[in-house]
Amino acid sequence: MNILLVGAGGREHALAWKLRQSARCDELYCIPGNVGIEECATCVPIKASEIDKIVSFAKEKNIELVVVGPEAPLVDGLADAISAQGIKVFGCSKKAAQLEGSKGFMKDLCAKYDIPSAKYGRFTDLESAKIFIQETGAPIVVKTDGLAAGKGVIICNTTDEAIEAARAMLEGAMFGDAGKEVVIEEFLDGEEISYFALADGKTILPLASAQDHKRVGDGDTGPNTGGMGAYSPAHFMTAELEEQVINELIEPTIAGMAAEGCPFTGVLFAGLMVKDGVAKLLEYNVRFGDPECQPLMMRLNGDLVEILDAAAQGRLDEVKDQVKWADDVALCVVMAANGYPASYEKGSVISGFEKANAVEGAYVFHAGTDRNENGEIISVGGRVLGVTAKGSSVAEAQKRAYEAVDKINWEGGFCRRDIGWRAL
Ligand code: AMP
Ligand code: GLY
């Protein structure tokens with residue numbers, strides 16, 4: 001079948017790479033894609049935000065399945081617009097995307113369906129927020145209700161800090177509409193991991209765990225980023241913990257969403273805080289993680305077209321046996337442009353891909369790459385490459401990934417040197 005993938009990051013390169021391996025994949029298009037994706041798909045210069053153009057393109061090219069990578073087009077209703085044309089879509093409706101798009105919506109769902117999560121309050125005025133903060137005490141977490149490009153969560157060590165954070169969100173211009181409402185919640189202690197599951201509106205198909213590295217510096221120091229590296233499976237994931245996550249979090253969420261009249265189809269990405277072997281939900285995303293998707297796709301043995309197509313059609317129970325995971329660990333090291341996550345330069349030349357891809361078990365996924373007028377590969381984003389490798393252990397996958405990193409020639413970039421450290 002002809003497939004259209006929407007997105008341009010490392011996550012989408014990993015999805016394109018895996019979709020391309022399927023015997024069921026005919027033409028594969030990617031909107032807008034990147035240099036790496038060009039190797040497995042035809043990239044089309046339309047933006048992921050141009051919903052009408054995407055719909056017209058899908059009709060024109062007889063696309064049978066649209067796979068949406070990032071959350072923004074889902075929040076804007078891309079999946080609804082595609083399915084209105086009778087085209088199958090892997091990605092949730094605008095209504096269901098509130099799980100990621102509105103923290104208040106997500107917290108209310110957890111409260112209503114007894115899903116373990118931090119105690120919270122929703123506020124649109126500072127006075128009531130203040131009372132809640134003073135009653136709860138510090139540490140405490142203040143969040144914008146809406147999407148704020150990863151900057152909408154402030155962990156506060158004192159109640160004064162929390163009041164200031166709530167004021168900045170509710171009264172300041174910095175967070176725009178995202179901060180018109182805030183969610184204030186109890187601080188949860190523990191270790192963070194991610195868990196991924198597919199859903200087709202009613203049935204779930206559990207995937208696997210991963211652990212991200214959100215801080216920019218080694219040893220988890222410095223500012224937050226979109227993720228500087230990830231590996232799968234997470235080192236302390238056990239069968240018991242997985243069962244708890246599925247039974248107490250994922251299942252009731254999918255059942256709750258259906259009961260609320262917004263059935264969820266797509267991939268549910270649960271951000272978890274685990275303490276003493278028990279997980280609580282920090283957040284939901286309605287997409288694969290980036291960079292978590294890169295190690296997940298590398299470990300997946302199974303036909304991704306078949307699996308996502310089944311999810312889009314509400315027949316996930318038919319493909320349960322198709323999803324198998326390599327016993328290997330896969331680990332992804334993100335190479336970012338100097339300066340990231342603050343302002344960074346674009347346009348520096350990168351080479352060495354062939355040598356990096358020749359390292360045993362390694363593959364370089366592209367994120368923010370393009371070509372200059374000389375045809376050279378250049379950086380055009382903050383996170384630019386996801387150098388990923390498989391190995392029989394975290395140590396081996398890490399060794400191979402860094403061996404591949406060291407084959408990349410790029411003066412304008414850097415990476416963390418300790419991805420996977422919590423597992424080692
Ligand atoms: P979120 O976008 O809600 O995942 O928040 C971003 C990050 O803030 C998470 O990955 C956690 O590291 C941290 N965080 C969010 N909520 C809490 C909480 N209630 N307790 C502790 N840390 C939190
Ligand atoms: N790596 C975290 C995320 O995709 O949100």
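Just so you know, ligand 1 is whichever comes first in the structure, and atom 1 is the first atom listed for that ligand.
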Tell me which one of [options] satisfies side chain to side chain contact (heavy atoms under 4.5 Å, CB included) with [X].
| X | options | answer |
| --- | --- | --- |
| V141 | V183, V153, L188, I184 | V153 |
| I82 | I63, V6, V66, L65 | V66 |
| M273 | E192, E191, E283 | E192 |

- Task: Only heavy atoms count here, so choose which of M106, K143, E283 is nearest to atom 16 (N) of ligand 1.
- Result: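 Of the listed residues, K143 has the closest heavy atom.
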To the nearest 0.1 Å, how far is [atom] from its closest protein heavy atom, and which atom is that?
| atom | result |
| --- | --- |
| atom 10 (O) of ligand 1 | E192 OE1, 2.6 Å |
| atom 8 (O) of ligand 1 | V153 CG1, 3.5 Å |
| atom 23 (C) of ligand 1 | L282 CD2, 3.8 Å |
| atom 19 (N) of ligand 1 | E185 OE2, 2.7 Å |
| atom 13 (C) of ligand 1 | I155 CD1, 3.7 Å |

Does one side chain, of S102 or D145, offer a donor that lies under 3.5 Å from an acceptor on the other?
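Note: S102 and D145 side chains meet the donor-acceptor criterion.
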_Over 60° means perpendicular and under 30° means parallel, so tell me whether H13 and H366 are parallel, tilted or perpendicular._
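Judged by the thresholds at 30° and 60°, the geometry between H13 and H366 is perpendicular.
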For ligand 1, the portion of [X] having any non-hydrogen atom under 4.0 Å away:
| X | result |
| --- | --- |
| L188 | both |
| E186 | backbone |
| D189 | neither |

Checking salt bridge (charged side-chain N to carboxylate O under 4.0 Å, His left out) against E185, which of K103, R122, K119, K143 comes through?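 When K103, R122, K119, K143 are each tested with E185, the salt bridge (charged side-chain N to carboxylate O under 4.0 Å, His left out) holds only for K143.
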*Would you please name every residue forming a side chain to side chain contact (heavy atoms under 4.5 Å, CB included) with E292, sequence neighbours left out?*
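Result, side chain to side chain contact (heavy atoms under 4.5 Å, CB included) vs E292: S194, F196, A210, D212, A230, F269.
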Salt bridge check: are R422 and D220 linked by an N-O gap of less than 4.0 Å?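 Yes, this pair counts.
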Open item on the list: Quick check on contacts: which atoms of ligand 1 are under 4.0 angstrom from a heavy atom of F187?
Closed with: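 In order of numbering, the contacting atoms are 20 (N), 21 (C).
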**Asked** Which ligand 1 atoms are under 4.0 Å away from a heavy-atom of K214?
**Response**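 Taking each heavy atom of K214 in turn, ligand 1 has 10 (O) under 4.0 Å.
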- Counting heavy atoms not belonging to E360, are there more than 12 under 6.0 Å from its CD?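 Check fails, neighbour count at 12 or below.
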So with a 6.0 Å cut-off around NZ of K202, is the heavy-atom count from everything else above 12?
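Yes.
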Q) Sub-3.5 Å donor-acceptor pair from the side chain of Y402 to the main-chain atoms of D418, do we have one? A)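 Yes: the side chain of Y402 pairs with the backbone of D418.
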Shell of residues surrounding ligand 2, defined by a 4.0 angstrom heavy-atom cut-off that is strict:
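D212, G226, F269, R287, G289, D290, P291, E292.
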